[in-house]
Amino acid sequence: MRKRYGIFGGTFDPVHVGHLISAQYILTEFSLDRIIFMPAYIPPHKAGKKRLSSNHRLIMVKKAIKGNKHFTVSNFEIEKRTRSYTIHTLEHYLKESRLFLIIGDEWLNRFSDWHRWRDILGYSDLIVLRRQGLEVKIPAFLNTFKRKIHFSSNPLIQVSSSLIRQYLKQKKDIRYMVPSSVWQYIQKKELYG
Ligand code: ATP
């Protein structure tokens with residue numbers, strides 16, 4: 001049988017416990033074999049925004065998932081050095097597995113903005129993570145894809161990368177919002193200073 005892979009795209013600037021706890025939760029919830037963390041080189045939805053170099057972001061994800069045999073990180077999007085379109089990533093992984101694209105619920109209503117979004121849903125199911133705990137319904141334009149959209153009941157972890165960056169800028173302590181290995185790396189490299 002084909003393996004079930006979760007593709008977890010993001011900027012991961014930096015990776016935090018919200019990503020990790022949710023990923024661990026859906027691994028069991030949807031009987032996934034593996035979750036592939038996929039840091040974007042240039043996320044199309046955040047293209048104009050400043051972000052840390054892809055190298056630092058990749059290293060932090062590597063540190064964060066170390067020791068979890070169901071988690072891997074891929075540099076597929078980073079290596080391309082262009083805007084990161086999910087559809088190309090899915091095309092790449094489709095050969096080896098059944099795909100589940102993992103997104104936060106804030107993206108669902110805006111999913112039609114994603115490049116070739118219909119094709120994305122042709123290649124993969126969607127797993128939608130809860131972020132704020134608000135009720136999120138399937139928007140009308142996604143009605144025909146209803147069967148491919150799965151809502152997770154992941155625990156709410158109201159941490160975001162932007163909150164962490166803001167804390168760091170204000171010299172606040174971000175301990176426990178990221179794994180200690182990531183916390184140490186941020187300190188050592190004086191990131192987000
Ligand atoms: P930023 O605050 O900079 O916008 P972010 O915290 O949303 O970043 P991303 O790397 O953009 O982090 O997130 C990757 C994916 O993980 C997105 O689909 C996002 O919705 C989801 N995600 C991020 N934080 C959480 C969280 N705390 N709980 C569940 N899903 C999350």
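This structure is a prediction, so every number in the text was calculated from the model and none was measured. In listed order, ligands and their atoms are each counted from 1. Heavy-atom basis, side chains included; hydrogens, waters and symmetry copies ignored.
Shortest contact from atom 18 (O) of ligand 1 to any protein heavy atom: G104 N, 2.9 Å. Protein heavy atom at the shortest distance from atom 13 (O) of ligand 1 is H19 NE2, 3.2 Å. Nearest to atom 31 (C) of ligand 1 among the protein's heavy atoms is R131 NE, 3.6 Å. For atom 17 (C) of ligand 1, the closest non-hydrogen atom of the protein is W107 NE1, 3.7 Å. For atom 16 (O) of ligand 1, the closest heavy atom belonging to the protein is F8 CE1, 3.3 Å. Among protein heavy atoms, atom 20 (O) of ligand 1 sits closest to E106 OE2, 2.7 Å. Looking at atom 28 (N) of ligand 1, its nearest protein heavy atom turns out to be S22 OG, 3.7 Å.
Distances shorter than 4.0 angstrom occur between a heavy atom of T11 and an atom of ligand 1. At a 4.0 Å cut-off, at least one heavy atom of G9 sits close enough to ligand 1 to count as contact. Taking 4.0 Å as the cut-off, R130 counts as a neighbour of ligand 1 on heavy-atom distance.
Taking the centre of each ring, F76 and H88 stay at or above the 6.0 Å mark. Aromatic rings from F30 and F100 are positioned such that their centres are separated by 6.0 Å or more.
With a 4.0 Å cut-off on non-hydrogen atoms, V159 touches ligand 1 through its backbone and not its side chain. In K46, the part holding a heavy atom less than 4.0 Å from any atom of ligand 1 is the side chain.
Under the 30°/60° scheme for interplanar angles, the aromatic rings of H115 and Y85 are found to be tilted.
With 3.5 Å as the limit, one finds no donor-acceptor pair spanning the side chains of D113 and H45. Inspection of the Q24 and N68 side chains reveals an N or O donor paired with an N or O acceptor under 3.5 Å. In this structure, a donor-acceptor pair under 3.5 Å is absent between the side chains of Y5 and S124.
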